[in-house]
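Each remark here refers to the structure printed beneath this line.
Counting begins at 1 with the first residue of the sequence.
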Amino acid sequence: MKKILYTLALAVTLWSCKTGSTGAAKSNIVEVNINLTDVKDDKVLVTVTPPAIKTDEIVYSIPKTVPGTYSTDNYGKYSEDFKAFDAKGNPLTVKRLGDNSWSISNAKALKKITYLVNDTFDTEKGTGFGNDDVFSPAGTNIDAGKNFMVNTHGFVGYFQDKLDIPYKVTITHPETLWGATSMTDQDASNTSDVFTTSRYAILVENPIMYSKPDYTTFNVNGMDILIAVYSPTGKYTAESITPEMKTMMTAQKNFLGKVNSTKKYTVLLYLSSMAKDDAHGFGALEHPTATTVVLPESMPKEKLVESMKDVVSHEFFHIVTPLTIHSKEIQFFDYNTPKMSEHLWMYEGVTEYFANLFQINQGLINEAEFYTRIADKIQQSKQLDDTMSFTVMSKNVLEQPYKDQYLNVYQKGALIGMCIDIIIREKSNGERGILDLMHKLSDEYGVEKPFNDDELFAKITSLTYPEVGEFLNKYVAGTTPIPYDFYLAKVGVTKAMEKKTGNPFIKGQTPYITVDKATKEIAVRPDSESVEFYKNLNLKAGDKILAVNNKSYNLDNIYDLVTESENWKDNDPITLKVKRGGKEETIKGTVKLPFEEAETFKATDASKEKLKNAWLKG
């Protein structure tokens with residue numbers, strides 16, 4: 001999973017076998033019908049025909065959590081009016097067991113279950129992180145006649161002890177909507193889709209997005225790629241982002257080399273209107289053959305493509321880990337009593353490292369940009385608990401205080417991958433790196449062969465060098481902060497300072513503006529007058545910013561203001577409508593963006609040039 005956080009304190013302060021049809025008898029199959037045609041009160045009817053039940057009581061559950069989210073989301077709480085019937089249509093006794101499970105009595109007579117599903121997008125309050133929101137790419141959307149984000153774990157559950165039997169899912173939908181997915185539709189009609197999977201886990205790993213058809217397809221080195229887009233105003237199309245996606249995914253395939261376990265890959269992009277009842281948790285969730293992405297439609301094209309590159313490349317690299325390389329906790333995932341693995345540093349951290357390394361390796365970014373990214377990750381990781389054991393945090397990530405440290409998997413986790421890469425490069429005289437290690441681990445384990453959590457460090461050490469094992473034990477399992485300067489110096493890279501353009505409304509996590517919660521008006525903070533942007537326009541502390549370039553802004557669309565400002569250039573003309581001392585006035589002028597001194601790195605030791613090039617260029 002990859003999260004993009006538009007936090008703005010001022011606002012209210014991502015392993016399975018092949019999918020395929022089955023010849024199983026009806027008595028040993030779960031049949032599901034999801035009705036997207038007759039939506040009532042923003043709810044969808046789900047009907048489940050069970051397999052043969054041989055017990056007097058059976059429990060039907062919808063997941064509490066799903067692979068890749070590392071959070072407790074209780075998808076069952078979005079289902080209501082749960083009913084069970086026998087062959088004659090008589091109701092059976094049902095007892096709800098918490099948020100996610102229902103116990104059905106006289107289960108041997110069970111012939112049908114029905115329930116209504118609400119979507120999660122309507123309930124989001126913030127970013128999907130740090131609150132009770134379901135992270136949008138793992139959530140569901142029900143917008144009758146326009147869009148349905150069918151993350152299947154939000155609609156379909158499983159019977160106790162029957163996770164490994166086949167599923168047949170029929171989805172009836174409006175003729176104007178088309179379902180984008182990596183699964184194969186076995187129904188030729190325009191109003192019904194039929195998907196079969198060999199077990200529940202495969203169904204959960206195959207999201208479907210229904211919307212007006214807007215997609216492109218292309219092939220990259222033997223892999224079929226599908227890009228599908230839902231843009232509520234039509235601002236973006238699949239065709240408009242496909243060239244960049246094709247370039248990126250071709251580079252990824254070239255970087256990975258022999259890792260080629262996926263033959264079809266689907267990218268589902270949902271662009272949010274940012275309305276109150278729409279998605280606000282931006283980023284992506286990985287699946288073995290798909291990625292769901294949620295971003296704001298208001299993003300400028302340049303920023304949208306940049307974000308897509310970052311999040312989709314991250315999710316795509318999950319085909320290495322955890323798809324191919326994973327522990328037993330992931331192989332035998334418990335959806336309602338999940339046990340977490342110690343190795344988020346690998347599943348998310350190494351994945352995030354690859355998502356950056358491949359871009360310099362394949363010439364998509366230059367060295368300066370790569371070093372800036374590394375410096376940013378170091379700075380952000382140090383804002384979190386730098387002395388917390390990464391393995392302990394991973395194992396307990398669903399609980400506090402570890403839950404609040406989860407974001408470090410994208411920062412320190414990636415830096416752990418970088419340091420291991422540098423150690424292997426140094427010890428092998430540049431011949432091998434962490435990608436070689438992942439190839440070896442793929443050969444040792446694989447999609448259907450998990451490892452034991454407590455044996456991974458020893459296995460990695462045996463495949464690499466004692467120094468790698470020492471690093472893992474001291475800095476990953478241990479509580480000692482990593483001396484990044486020490487490891488970067490091995491490849492001739494040292495600290496440097498650079499000037500870069502900042503955002504006119506926020507610096508890091510510190511905003512230049514605030515919000516009056518009573519009126520929802522955006523106001524200039526007292527300490528912002530000296531910032532170049534405000535000084536140039538003669539904006540004063542307490543000025544209420546009502547509109548910018550003839551577009552009105554307040555708390556409800558403050559994210560739009562911040563994201564749109566990222567496309568501004570120095571000396572662009574700008575017009576603001578402000579309220580000062582209770583009186584409205586118009587200010588016209590030019591944009592003066594603030595500049596910030598930021599830490600980065602530079603290659604300064606020519607004697608290490610060969611090793612540095614081996615590290616970055618492979």
Side-chain angles (χ1 to χ4, degrees), residues 1-3 14-15 67-68 70 252 255-259 261-262 284 286 288 291 310-327 329-330 340-362 370 373-374 377-378 380-381 389-391 393-395 397 406-425 432-447 450-451 453 455-457 459-461 463-465 467-469 471-473 475-477 482 484 487 615-616 618:
M1 175 176 62
K2 181 72 183 289
K3 294 191 176 184
L14 316 68
W15 44 123
Y70 313 108
Q252 287 184 280
F255 174 80
L256 282 176
K258 67 178 182 178
V259 177
S261 58
T262 302
E286 89 280 357
T291 292
D310 286 341
V311 297
V312 175
S313 62
H314 174 98
E315 305 310 328
F316 183 84
F317 279 123
H318 275 302
I319 68 175
V320 180
T321 183
L323 171 57
T324 305
I325 310 164
H326 54 260
S327 68
E329 285 81 0
I330 291 176
M340 309 309 289
S341 170
E342 295 181 352
H343 299 296
L344 277 174
W345 69 271
M346 184 174 72
Y347 307 141
E348 294 295 342
V350 171
T351 298
E352 175 68 3
Y353 175 58
F354 281 162
N356 287 275
L357 181 65
F358 98 96
Q359 296 191 50
I360 176 69
N361 180 276
Q362 296 292 310
F370 180 75
R373 293 183 181 203
I374 295 302
K377 289 189 180 298
I378 292 173
Q380 291 174 46
S381 72
S389 164
F390 225 77
T391 52
M393 182 271 285
S394 299
K395 191 77 173 174
V397 72
Y406 168 73
L407 277 184
N408 222 2
V409 300
Y410 305 115
Q411 316 303 339
K412 189 172 183 176
L415 297 168
I416 288 168
M418 177 192 75
C419 293
I420 293 171
D421 196 15
I422 290 173
I423 295 170
I424 297 173
R425 287 290 178 190
R432 293 184 300 279
I434 195 169
L435 181 58
D436 175 77
L437 168 62
M438 301 311 286
H439 284 165
K440 288 177 178 176
L441 287 172
S442 297
D443 292 338
E444 180 77 23
Y445 301 108
V447 173
F451 58 77
D453 244 23
E455 296 175 359
L456 182 62
F457 283 0
K459 175 58 66 176
I460 288 175
T461 304
L463 294 174
T464 56
Y465 303 94
E467 288 83 356
V468 174
F471 176 89
L472 289 169
N473 286 306
Y475 299 118
V476 182
I482 301 171
Y484 300 110
Y487 289 100
W615 169 46
L616 298 180

### Query
Tell me, do D310 and R373 make a side-chain contact under 4.5 Å, heavy atoms counted?
yes
### Query
Is the closest side-chain heavy-atom distance between I422 and F471 below 4.5 Å?
no
### Query
Hey, does V409 have a side-chain heavy atom less than 4.5 Å from the side chain of F390?
yes
### Task
Quick one: pull up CD1 in I325 and CG in L437 and give me the separation to the nearest 0.5 Å.
7.5 Å
### Closest approach of M346 to T321 (non-hydrogen atoms, all atoms of both residues)
O-CG2, 3.5 Å
### Task
Walk me through it: do S381 and Y484 pass the test side-chain contact (heavy atoms from CB on, under 4.5 Å)?
CA-CA 12 Å; S381 72; Y484 300 110; 4.2 Å; yes
### Where I434 and G417 come nearest, the two heavy atoms and their spacing
CD1-O, 3.6 Å
### Query
Can you tell me how far SG of C419 sits from OH of Y353, rounded to the nearest 0.5 angstrom?
9.0 Å
#### Entry: CG on L441 to CG on L456, rounded to 0.5 Å
6.5 Å
### Q252 side chain to F358 backbone, donor-acceptor under 3.5 Å
no
### Query
In Å and rounded to the nearest 0.5 Å, what is the OH to CD1 distance from Y475 to I482?
8.0 Å
### Query
Is it true that a side-chain atom of T351 and a backbone atom of H314 form a donor plus acceptor pair closer than 3.5 Å?
no
### Summary
Between F354 and F317 the two heavy atoms that sit nearest each other are O-CE1, 3.4 Å
### Message
Show the nearest heavy-atom pair for residues V397 and Y70, with the distance to one decimal.
### Response
CG1-CB, 4.1 Å
### Closest non-hydrogen atom pair, E352 against N356
O-ND2, 2.9 Å
### Query
Do N408 and L344 come close enough that some side-chain heavy atom pair is under 4.5 Å?
no
### Task
Using a 4.5 Å cut-off on heavy atoms from C-beta on, say whether the side chain of Y445 contacts that of T324.
no
### Task
Please examine the side chains of D453 and K395, heavy atoms only from C-beta on, and report whether any two atoms are closer than 4.5 Å.
yes
### Task
Specify whether Y406 and Y410 have parallel, tilted or perpendicular ring planes, treating 30° as the upper limit for parallel and 60° as the lower limit for perpendicular.
perpendicular
### Message
Test side-chain contact (heavy atoms from CB on, under 4.5 Å) on F316 and T291; report intermediate values, then the result.
### Response
CA-CA 8 Å; F316 183 84; T291 292; 5.8 Å; no
### Query
At their closest point, which heavy atom of L256 faces which heavy atom of H439, and how far apart are they?
O-NE2, 3.0 Å
### Summary
Between the CD atom in E444 and the CE atom in M438, the distance rounded to the nearest 0.5 Å is 13.0 Å
### Message
For Y487 and L415: C-alpha separation, side-chain torsions, deciding distance, then whether side-chain contact (heavy atoms from CB on, under 4.5 Å) applies.
### Response
CA-CA 10 Å; Y487 289 100; L415 297 168; over 6 Å; no
### Query
What is the distance from atom CD1 of I420 to atom OG1 of T464, rounded to the nearest 0.5 Å?
8.0 Å
### Query
Is any side-chain heavy atom of K412 closer than 4.5 Å to a side-chain heavy atom of M393?
no
### Message
Looking at L357, is its backbone amide N or carbonyl O close enough to the side chain of N361 to form a donor-acceptor pair, meaning the two atoms are under 3.5 Å apart?
### Response
no
### Message
Would you say S327 and Y347 are linked by a side-chain donor-acceptor pair, where the criterion is simply a distance under 3.5 Å?
### Response
yes
### Query
Got H326 and S341 here, is their nearest side-chain heavy-atom distance under 4.5 Å?
no
